[in-house]
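Comments concern the structure below.
Below, chains carry the letters A, B, ... as their sequence lines are ordered, and counting in each starts from 1.
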Protein chains: 2
Amino acid sequence: MAYTSPGKTREKIYDFVRERILSGTPPTTRDVQRAFGFRAVQSARQHLEKLVFEGKLAKVDGRSRGYRLPEFGKAVPPQLIAMLGRVQAGELTEAMEDPPEYIMVQTRFDDDELFALTVEGESMLHAGILPGDVVIVRRQPTASPGDIVVALVGDEATVKRYRERDGRVELHPENEAFDPIIPREDGAPFSLLGKVIEIRRSVE
Amino acid sequence: MAYTSPGKTREKIYDFVRERILSGTPPTTRDVQRAFGFRAVQSARQHLEKLVFEGKLAKVDGRSRGYRLPEFGKAVPPQLIAMLGRVQAGELTEAMEDPPEYIMVQTRFDDDELFALTVEGESMLHAGILPGDVVIVRRQPTASPGDIVVALVGDEATVKRYRERDGRVELHPENEAFDPIIPREDGAPFSLLGKVIEIRRSVE
DNA sequence: TGACATAACAGACAAATGTCTGTTTTTTGG
DNA sequence: CCAAAAAACAGACATTTGTCTGTTATGTCA
């Protein structure tokens, strides 16, 4: 490879490695070599080791594809969580799609206490939650008044604002066209699935 | 390792591998061997290959740590994009925070044509965009009527609905309390920064 | 019980990958 | 221009990892 001014190529290598780590497969030393057209492995290795020395990359010695992003030590690591779909027999199951879909989130919660769901209906319009929005939910059996929660009412998953009134749970829509759900009153089986911690909308 | 009934161990291996892939480092055959206490590499390999055959895992032959989640072949790779902050001298610059903040997105667009921004104000309330929401924006100099765009009006970045009327550009809020902005009329310098492609809200 | 499929083991080779020593070329900065 | 630093190259060895052939043990099911 042609000679470049100090740091120039290193920066590109950093970008390349970062990209690869984020996409799920850290590169091997020779991956980097090939990607940059080095004629010697050592050229790639030198840059990589320097990046580690500078603290811009971390590394597990001796293991293949051992480069990591250091900031993930302290910062919130990205996690993939499953998109859940239909409601079946009283519980949410993975969507029908054969390849189950995942979305990437960054939270301090553990990924197995999280799931995501596509919102149907306009009952939370005034809370800024529209049909088609994806909500990311943390599984928890209880909630605090004011929380936006996902609950199973009958065999339908629904997103509502959690309230308490006279010691009873109430699920409030945020749209005048809908009525509050007062679980024990209308006899529908009720269970709290979790609390909404993030909302996403794609508008391409 | 003790003998187990058919499929039993295989299922656990699948969970193990999936976990490892999701957490960023696919395991090696011998990682699996060790994790399950097999005394032969082939034991692990046999299970892994069968999982691939069943379609539950995908694999890049010959490469180290070559196991993948099958759905990931086509999925969009995640990217980190910069959170932009204040408006300075007519253009958006990176927020003051020393460690520049990044957020992870998955889109088909290139990461250097994307940026993210925190929404201030309630002018897009009825479009489900609240103060504090993060919008992910694709830089583009033009837009189509109906798009939600980010524009620089004066020296303030603003999120509005893009409209055209009599061949003139209009920026419409979605909240009666605000008035449309008709750029060339009130003489304020105007430039279109880009189009909003995603909205995110954290509600922890 | 016996035939068959599956699970697990043994040992080895080959390819990929990490690592090393030393040299040459180019850039940088005074 | 010169010395020092950085970049790139060359070639090799060691370890890790993928892969293979064949064998033994255990579970399944009629």
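Contact annotation: Thr29(B) does not reach the phosphate of dT17(D) (side-chain N/O to OP1 or OP2, under 4.0 Å). Dashed line: the shortest gap from a side-chain N or O of Thr4(A) to OP1 or OP2 of dT27(C) is not under 4.0 Å. Between dA16(C) and Arg30(A), no contact under 4.0 Å exists linking OP1 or OP2 to a side-chain N or O. Contact annotation: Lys59(B) reaches the phosphate of dT19(D) (side-chain N/O to OP1 or OP2, under 4.0 Å). Note on His47(A): every side-chain N or O is 4.0 Å or more away from OP1 and OP2 of dA6(D). Here Arg63(A) reaches the OP1 or OP2 of dT17(D): one of its side-chain N or O atoms lies under 4.0 Å away.
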Tell me, with the steps shown, if Val32(B) and Val17(B) meet side chain to side chain contact (heavy atoms under 4.5 Å, CB included). CA-CA 8 Å; Val32(B) 176; Val17(B) 174; 4.2 Å; yes

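Between Ser64(A) and Gln46(B), the residue anchored closer to the 5' end of DNA chain D is Ser64(A), taking for each the nucleotide with the nearest heavy atom.
For the helix from dT1(C)-dA30(D) to dG30(C)-dC1(D), the rotation axes defined at the first and last 5 base pairs enclose an angle of 50°, given to the nearest 10°.
Between the side chains of Thr25(A) and Arg20(A), not a single donor N or O lies within less than 3.5 Å of an accepting N or O.
Residues Ile148(A) and Lys160(A) have side chains not in contact (no heavy-atom distance under 4.5 Å, counting atoms from C-beta outward).
For Asp179(A), the salt bridge (Lys or Arg N to Asp or Glu O under 4.0 Å) criterion is met by no residue, not counting sequence neighbours.
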